[in-house]
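Reviewing the structure listed below.
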Amino acid sequence: MSESSNTNQSSDFIREIIREDLETGKHITSVTRFPPEPNGYLHLGHAKSICLNFGIAEENSAKGARCHLRFDDTNPTKEETEYVESIKEDIRWLGFDWGDHLYFASDNFEQLYEWALFLINEGKAYVDDLSADQIRVYRGTLTEPGKDSPFRDRSINESLELFEKMRIGDFKDGEKVLRAKIDMTHPNINLRDPVIYRILHAEHHRTGNDWCVYPSYDFAHGQCDAIEAITHSICTLEFEQHRPLYEWFIDNLPVPHQPRQIEFSKLQPTFTLMSKRRLIQMVEEGHVDGWDDPRMSTLSGMRRRGYPPEALRTFCKMVGVTKFSGITDIAMMEHSIREQLNREALRRMVVLDPIKVTITNWPGNDHQEIMKAVNNPEDDSLGTREIPLSGTVYIERDDFMVDPPKKYYRLSPGSEVRLRYSYCILCDEVIKDSEGSIIELKCTYDPLTLGKNPEGRKVRAAIHWVPFKEAVSAEIRLYERSFTVEEPGAEDDWRTALNPEALTVLENSKLEPHLADASEGTSYQFERKGYFCIDSKNSTQESLIFNRTIALRDSWAKINKK
RNA sequence: AACCCCGUGGUGUAAUGGUAACACAACGGUUUUUGGUAUCGUUAUUCAAGGUUCGAAUCCUUGCGGGGUUGCCA
C-alpha cells in the first residue's frame, strides 16, 4: 500500500505551532489527547478531532509522539460504561490506536481533590453556600459585572472544614459548592469565581460511590492534561474563552507540566445534524432505528452504511484545520467516499427493480452461454468472473421506457441496447398486465455483437442484467441524505427537515449469483447504481439485506430533471 | 448590549511582505460495453475605506459582516 496518504498531510496553524515548539526545543516530542465524554456515541465531528490529535501523533512518531485516549468522566449523572466501549471501537475503526495510553479523568479524582485543598489553603478557593440560582444572579451578565458572594471572604479554615464535610456527604446536592476566587467583575464570565466542585450524590460508572463531590470540567481538564504531560491540548472554539481559566489553574497549582490549549473550529457539514442532543432525539423519538442506523451521522451509523474509514480520514484532511467557523459541503465527503470505493469495490450486477425480458430468438430453452465480466476496471488484479446467460433475464425497470424523451439512450420499443458484457438486444414487444403496468419485454438479440460493436448502427447504452433462473433475491435499502435542507440545525424544528426519502426499502431485487456469498464488511459496486454493503445487523444467509452506501454520480438524472 | 475569535471564488482550504494556488460543487467538451471512472476547459485582483511600503490577501487604523460566551454540562 502506498504511504503517500500519510506523508501528504498538509500543515495547519496547530501543526505549525507544534513544529515550532519541537524546533525550538520547548518540547522534545508532542503529546496530544482525544478527550470524549462517555455520554453518547461518536459522530463525524469527533472524527475530525480524532484525525487531528492521533494524526499529529503519527506524524511525529519518529520523535516519540503519542496521543492519549482520555475519558472525560467528571459528571456521573450522564456517563455510562456502554459508551466507553463504543467510543473505543469507533476510534479503532477509524484506524487509530492509543497503545497503552488509556486514561480516565476519574483516575485523578484524589489528586484533583488535593489540588482543590491547595487552592483553599492559598486563599484562592472558597466554599460558597449560595444556591445555583443565587450564584447566577451574583454572576452578573454579559454587560454588567458580578457581585461578590457573601461567603467569599470566609476563613480558609472554615472553607477547609466545609469542603471536607462536602466530601464525606454531610450536605445534599446543590447545598454548597467550591469556587475559585478570581474576580467577580472580570469581563470574561468564566473568571467570575467559577464553580470547581459540586455535590452530586450519584454513582459513578468507575468510582462507584467513593465520591459525592465531583470536579467541574474546567477544574479537571487542564489538570488531567498536566498529569498526563500533554503538550498541546486541542479543543474546539467554544472553549476559547475558557483558556484564561485553563491557564489560571496551571499557573496557580503545583502541576508537573504546563500544557497549552489550542482551539480550532468544529466540523459543520451541510445536510447533517451534529449536536449530541439532537442525535439523541432522533433515536429516542424513533426517527431512526438506533445509534447505528445508517441515516445517523454517528461513526457507527456510517460504518453500517458502508462508508470506508479511509474516506473519512481523507475528508478530514480535505477540510483542514482553522479557526474559521464555516459550513462544509457534504458533497466533499461524498466525493471522498466514491473515490475510495471506486478504487476498491468489486463490481457486480444487480437489478433493483426488475422487469423480465425474454429473448425470443435465443437458440433454445436449454442453451446457455457464459459471459465474462470484469471485477474492477480500476484494478486488473481483481480478475474476472463468469455469468451465465440463457434466454431470459431481468433488467432494471427504469432502463426501459415506452415513450422515451430525446436523449434517452436505453431500451424502448424498436430500439437497441447492449446487455453489459453480453449481446445487444432489440425490443420488439411490450407485455402489460390488466392494470397497464409492464410485466415483460420480448426482445431479439444479435448474435454478432458479442465483444464487438454492431455494424452499420450505433448502440449507445449498455445496461446491467441478471440471469432469470440463477438470480438471487434480496432486500435492498436505499439511503439518501437524511435532511432536505443545508442546515437542519438552523431550522425552528429540525424534524421538519427530515428527508422522508432518506430510506427506501426494495424487497424484490435480483442479484447476480456471485453475490449469494457476499461477505460482511466488503463493499460492492452494483454497476450503474451505486456502492452497497451487507447490512451488518439484519442481513442473514437466508435473506440477504444490502445497504446502499452511496449512489453513483448520475448525470442522466440531471439531464432528465431539466 | 460587554468580551473573545474569525472574514480569500458558490463551498472548504493554500499562499508565512514578491505572479492569488488546490480540492469540492456547478456548467460545457473529449473518451468510454457502467449516462460510472478518467481527462480538458470556464467561474475571485482576497468584506470596505484609509494608511505603511518599491511592492499588501499578508502589517496598522476605522468601519462592516459572521461565530462564540451569561450550566453546580463538556
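Just so it is clear, the model here is predicted, and its values are computed rather than measured. Computation of the quantities below employed the complete heavy-atom set of this structure, encompassing side-chain atoms and omitting hydrogens, waters and symmetry-equivalent molecules. First the proteins, then the strands, lettered A, B, ... as listed; each starts at 1.
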Original post:
Going through the distances and angles, do Arg481(A) and Glu334(A) end up as a salt bridge (Lys or Arg N to Asp or Glu O under 4.0 Å)?
Top reply: CA-CA 10 Å; Arg481(A) 290 172 176 174; Glu334(A) 294 171 344; 3.0 Å; yes
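- Applying the side-chain hydrogen bond (donor to acceptor under 3.5 Å, both in side chains) test to Asn375(A) and every residue at least two apart in sequence or in another chain returns Arg348(A), Arg385(A).
- Ring pair Phe71(A)/Phe104(A): centre-to-centre distance below 6.0 Å.
- Under 4.0 angstrom from either OP1 or OP2 of rG35(B) there lies at least one side-chain N or O belonging to Arg528(A).
- As judged by a 4.0 angstrom heavy-atom cut-off over every strand, Pro377(A) is placed among the base-contacting residues.
- For rG55(B), the base adopts the anti conformation, since its glycosidic angle falls more than 90 degrees from zero.
- Applying the side-chain contact (heavy atoms from CB on, under 4.5 Å) criterion to Glu240(A), with sequence neighbours excluded, gives Leu237(A), Arg243(A), Glu263(A), Lys323(A).
- In this structure, of rA74(B), rU34(B), rA25(B), it is rA74(B) that holds the atom nearest to the side chain of Asn75(A).
- Within the 6.0 Å centre-distance limit, the rings of Phe219(A) and Phe249(A) are counted as a close aromatic pair.
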Below 3.5 Å is the cut-off: list the nitrogen or oxygen pairs between protein and nucleotides 29-33 of chain B, distance only.
from	atom 1	to	atom 2	distance (Å)
rU33(B)	O3'	Arg420(A)	NH1	3.3
rU33(B)	O2'	Arg420(A)	NH1	3.0
rU33(B)	N1	Arg418(A)	NE	3.4
rU33(B)	O2	Tyr421(A)	N	2.9
rU33(B)	N3	Arg418(A)	NH1	3.4
rU33(B)	O4	Arg418(A)	NH1	2.9
rU33(B)	O4	Gly451(A)	N	2.8

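- For rG35(B), its base never sits under 3.5 Å from the side chain of Arg553(A) at any donor and acceptor pair.
- Every residue two or more places apart in sequence or in another chain was checked for a side-chain hydrogen bond (donor to acceptor under 3.5 Å, both in side chains) with Lys181(A), and none qualifies.
- Across rA25(B) and rU62(B), the matching P atoms stand 42 Å from one another, rounded to whole Å.
- Nucleotides rG66(B) and rU11(B) place their C1' atoms 16 Å apart, quoted to the nearest Å.
- Between rU34(B) and Arg348(A), no contact under 4.0 Å exists linking OP1 or OP2 to a side-chain N or O.
- With hydrogens and angles left out, the side chain of Arg192(A) and the base of rU70(B) share no donor-acceptor pair within 3.5 Å.
- Shown here, rC64(B) forms a base pair with rG7(B); the pair counts as Watson-Crick or G-U wobble because both key distances fall under 3.5 Å.
- Between His335(A) and rC24(B) there is a side-chain polar atom (N or O) within less than 4.0 angstrom of OP1 or OP2.
- Heavy-atom distances to RNA chain B give each of Leu237(A) and Ala132(A) a nearest nucleotide, and the one nearer the 5′ end belongs to Leu237(A).
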**OP:** Going 5' to 3' through nucleotides 11-21 of chain B, assign each nucleotide B (protein heavy atom under 4.0 Å from a base atom), S (under 4.0 Å only from sugar-phosphate atoms) or - (no protein heavy atom that close).
**Re:** BSSS-B-----
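- When distances run from any side-chain atom of Lys558(A) to the nucleotides rC73(B), rA26(B), rU70(B), the shortest one goes to rA26(B).
- Contact check for Glu59(A) versus Arg19(A): no side-chain heavy atoms found under the 4.5 Å cut-off.
- OP1 or OP2 of rC72(B) lies within a sub-4.0 Å distance of a side-chain N or O belonging to Arg139(A).
- In this structure, Ser422(A) has no side-chain hydrogen bond (donor to acceptor under 3.5 Å, both in side chains) partners at least two apart in sequence or on a different chain.
- Straight-line distance between the C1' atoms of rA57(B) and rA15(B): roughly 9 Å, to the nearest whole Å.
- With both pairing distances under 3.5 Å, rU69(B) is matched to rA2(B) as a Watson-Crick or G-U wobble pair.
- Taking only side-chain atoms of His242(A), from C-beta outward, the nucleotide of rG36(B), rC4(B), rA74(B) with the closest atom is rA74(B).
- Figure legend: Arg460(A) and Tyr409(A) shown as a cation-pi pair, the cationic atom lying under 6.0 angstrom from the six-membered ring centre and within 45 degrees of its axis.
- Here the nucleotide nearest the side chain of Ser555(A), chosen from rG35(B), rA74(B), rA25(B), is rG35(B).
- Here, rA38(B) and rA74(B) have their P atoms 46 Å apart, quoted to the whole Å.
- Pairing partner, rA74(B): none, since no Watson-Crick or wobble contact has both distances short of 3.5 Å.
- Comparing rG28(B) with rU61(B), their C1' atoms sit 46 Å apart, to the nearest whole Å.
- The base of rU34(B) lies close enough to the side chain of Gln525(A) for a donor and an acceptor atom to sit less than 3.5 Å apart.
- When distances are taken from the side chain of Glu527(A) to each of rC72(B), rU34(B), rG35(B), the shortest belongs to rU34(B).
- Using C1' as the reference atom, rG17(B) and rG51(B) are 16 Å apart when rounded to the nearest Å.
- Between Phe546(A) and Phe532(A), a ring centre-to-centre spacing not shorter than 6.0 Å is recorded.
- In this structure, Arg420(A) forms no cation-pi arrangement with Trp465(A), as its terminal cationic atom is not both closer than 6.0 Å to the ring centre and no more than 45° off the ring axis.
- The same atom, P, is picked in rG67(B) and in rA20(B); the two are 32 Å apart, to the nearest Å.
- Counting any heavy atom pair closer than 4.0 Å across all strands shown, Phe239(A) reaches a base atom.
- Comparing rA14(B) with rG9(B), their P atoms sit 13 Å apart, to the nearest whole Å.
- Between the side-chain ring of Trp556(A) and the base of rG35(B), a stacking contact exists by the 5.5 Å and 30° definition.
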**OP:** Before giving the answer on salt bridge (Lys or Arg N to Asp or Glu O under 4.0 Å), spell out for Lys176(A) and Asp170(A) the whole-Å C-alpha distance, their side-chain angles and the decisive distance to 0.1 Å.
**Re:** CA-CA 10 Å; Lys176(A) 292 195 169 20; Asp170(A) 282 5; over 6 Å; no
